[in-house]
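Side chains included, hydrogens not; waters and symmetry mates left out as well; all remaining heavy atoms used. Note that the coordinates shown come from a computational prediction; the quantities given were computed from them, not determined experimentally.
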Amino acid sequence: MWIELLKDVLGQKTGQRVDVDDKDGRALVAAGAAKACDDDPTRAIVADALGEAMGRMNETLQASVENALKGFADARTKSLKTQRRLLFAGGDGDPEKPTFGGFLLAVRDRDVKALEAMGSRYVAWDGDAERKAALSSQTGLSGGYMVPVEFHDRLMQLVTEMSVVRPRATVVPMASRSCQVPALDMTTVQAAGDTAFLGGLVVRWTEEATTLNEAEPNLKQVELVNYELSGFSKVSNTLLADGAVALEEFLMRLFSRAISWYEDYAFLRGNGAAKPLGVQSWGGLISVARNTANQVKLADIANMYARLLPGGDDKSRCWVVHPTVLAQFIQMTGGLNLLFLGNDISGKPSMKILNYDVRVSEKVPALGSANDVTLCDFSQYLIGDRRQVEIAYSEHAYFTTNQSVWRFVSRVGGQPWLRDKVTLADATSTLSPFVGLAP
């Protein structure tokens, strides 16, 4: 246990915080020589370490962007054979055809002719409160260039490959900021003996030639709103001349990784305020009591599984867990063999629980926190996708530090399809497509 010394003890000065055996700690507290710490001091240490690591990672990322773009520009001045080796790692890419790296350089140079030839176009912000203009190098209305369809499809394919939610969710194409999606009302509580799964449709047994029971299903509209997901990276104008390999793939993955990570985080934990409403913040999430604090046991898994809404495609269902939960899963025993690993010992193990994939992600809370384990049926999660990404470049935003800025903007929305959990025919029991484990 962690204690704070109230007296000098064993060479330790008053006011120091030390980690001691529980028995010794209680003895020191009882003797008035120390007091128990209300918080865990290691959290601050870990937080500082993570902050420092993120800072170094950001610096490394910026340097990578600088070097990659410099390498891409330099590679295009070489022979076709050399270009193919540098840009596509010796693959089948054709340097004479449009490339994503070429698109980024065209945006930087404002080469409108080249951008139009790729199928891109300039998109001006419309000036409403949600738009940002600070990073644009354009005069008048601020904006960016649409990523051409060919590159957008490849970009989003990579986003899907790296995402937890998007490949399993119901994606609704959107042509405007919001749209109405019809939904069967399964959340209104019905009388005992009637089911909510029919959306209020009720039938009755009758004798012949008697008046039939009149009932219609209740349909509701779910308003899906997309929000702006934007980011930027500062790039030094003093570019270093480093070698480059497979730059086209690197640049594509760099942008897709950023979109994928922050989309997923919002779909899982977003509060719905100017961002998607995540499943863990949704009011219909069922929270199952944990059997033992800071542990995940077989009983927890069984209780969560029992509260999952039935139906749907099993491929859309998965367990989403924090990396700190893995050790608990692997050591789980008893009852049935719930955890299955792939038979190919030479490859990465494929983990499943009750035949549902286990997806490990840092985007959910750590072990012992609420929703460190979540069982989700993402077919009941709506993603509103504008199917467009805009990229802009400014050499003026950080003029005094000799830096330029790349900005990308994606518009996407998300929320659960249902308004709330579903109450069963006993008028008491509830099920949900999203079930979390309580702290």
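- Ring-plane geometry between F434 and F378 is classed as tilted, the angle between the planes lying from 30 to 60 degrees on a 0 to 90 degree scale.
- For the atom pair CG of L298 and CG of N303, the computed distance is 9.5 Å after rounding to the nearest 0.5 Å.
- A donor-acceptor pair is defined here as one N or O able to donate and one able to accept, closer than 3.5 Å; no such pair exists between the side chain of Q380 and the backbone of P433.
- To the nearest 0.5 Å, the span separating OH on Y227 from OG on S178 amounts to 9.5 Å.
- A donor-acceptor distance shorter than 3.5 angstrom exists from the side chain of T324 to the backbone of L367, with no hydrogens or angles considered.
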For Q388 and V147: C-alpha separation, side-chain torsions, deciding distance, then whether side chain to side chain contact (heavy atoms under 4.5 Å, CB included) applies. CA-CA 7 Å; Q388 61 184 39; V147 173; over 6 Å; no

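- With S163 contributing its side chain and V165 its backbone, the two residues share no donor-acceptor pair below 3.5 Å.
- Side-chain atoms of D300 come within 3.5 Å of backbone atoms of N291 as a donor-acceptor pair (strictly under, hydrogens ignored).
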I'd like to know whether L418 forms a side chain to side chain contact (heavy atoms under 4.5 Å, CB included) with L309, so could you lay out the CA-CA distance, the side-chain angles of the two residues, the decisive distance to 0.1 Å, and finally the verdict. CA-CA 11 Å; L418 298 178; L309 190 71; 4.1 Å; yes

Evaluation steps, side chain to side chain donor-acceptor pair (under 3.5 Å), between S281 and R269: CA-CA 6 Å; S281 303; R269 302 178 65 176; over 6 Å; no

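- Taking each heavy atom of L115 and A106 in turn, the nearest pair found is CD2-CB, 3.7 Å.
- Of the possible polar contacts, none joining the W282 side chain to the P416 backbone as a donor-acceptor pair under 3.5 Å is found.
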Could you walk me through whether F100 and I391 pass side chain to side chain contact (heavy atoms under 4.5 Å, CB included), step by step?
-> CA-CA 11 Å; F100 184 67; I391 294 180; 4.0 Å; yes

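- With hydrogens and angles disregarded, no donor-acceptor distance shorter than 3.5 Å links the side chain of R154 to the backbone of E150.
- To the nearest 0.5 Å, atoms CD1 (I383) and CG (N226) are separated by 12.5 Å.
- Using a 4.5 Å heavy-atom threshold, the side chains of V412 and F267 count as touching.
- Between P365 and Q280, the shortest heavy-atom distance links the atoms CD-OE1, 3.5 Å.
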Task: Steps toward side chain to side chain contact (heavy atoms under 4.5 Å, CB included) verdict (K275, Y262) - done: CA-CA 10 Å; K275 63 174 67 71; Y262 286 98; over 6 Å; no

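- No side-chain heavy atom of L158 sits under 4.5 Å from any side-chain heavy atom of S260.
- Interatomic distance, M351 CE to W319 CH2, rounded to the nearest 0.5 Å: 13.0 Å.
- Of all the heavy atoms in K363 and M162, the pair that sits closest is NZ-O, 4.4 Å.
- Rounded to the nearest 0.5 Å, atoms CE (M304) and OG1 (T374) are 6.0 Å apart.
- With hydrogens and angles ignored, the 3.5 Å screen pairs no side-chain donor or acceptor of S316 with any backbone N or O of R168.
- Here the options are L268, D264, N371, the test is side-chain contact (heavy atoms from CB on, under 4.5 Å), and the partner is V364; only L268 passes.
- Remark: side-chain polar atoms of R290 are not paired, donor with acceptor, to backbone N or O of A370 under 3.5 angstrom.
- Across A306 and L431, no two heavy atoms sit closer than the pair O-CD2, 3.5 Å.
- Counting only heavy atoms from C-beta outward, the side chains of Y305 and Y356 approach each other to under 4.5 Å.
- Counting all heavy atoms, side chain and backbone alike, S432 lies closest to G284 at OG-O, 3.0 Å.
- Residues E223 and Q415 form no side-chain contact, since every pair of their non-hydrogen atoms from C-beta on lies 4.5 Å or further apart.
- The backbone N or O of M146 sits nowhere less than 3.5 Å from a side-chain atom of R121 that would complete a donor-acceptor pair.
- With D357 contributing its side chain and R359 its backbone, the two residues share no donor-acceptor pair below 3.5 Å.
- The minimum heavy-atom distance between I286 and T430, with the atom names listed, is CD1-O, 3.6 Å.
- Atoms SG and CD1, on C318 and I353 in that order, are 11.5 Å from each other to the nearest 0.5 Å.
- The closest side-chain heavy-atom distance from D385 to R166 is below 4.5 Å.
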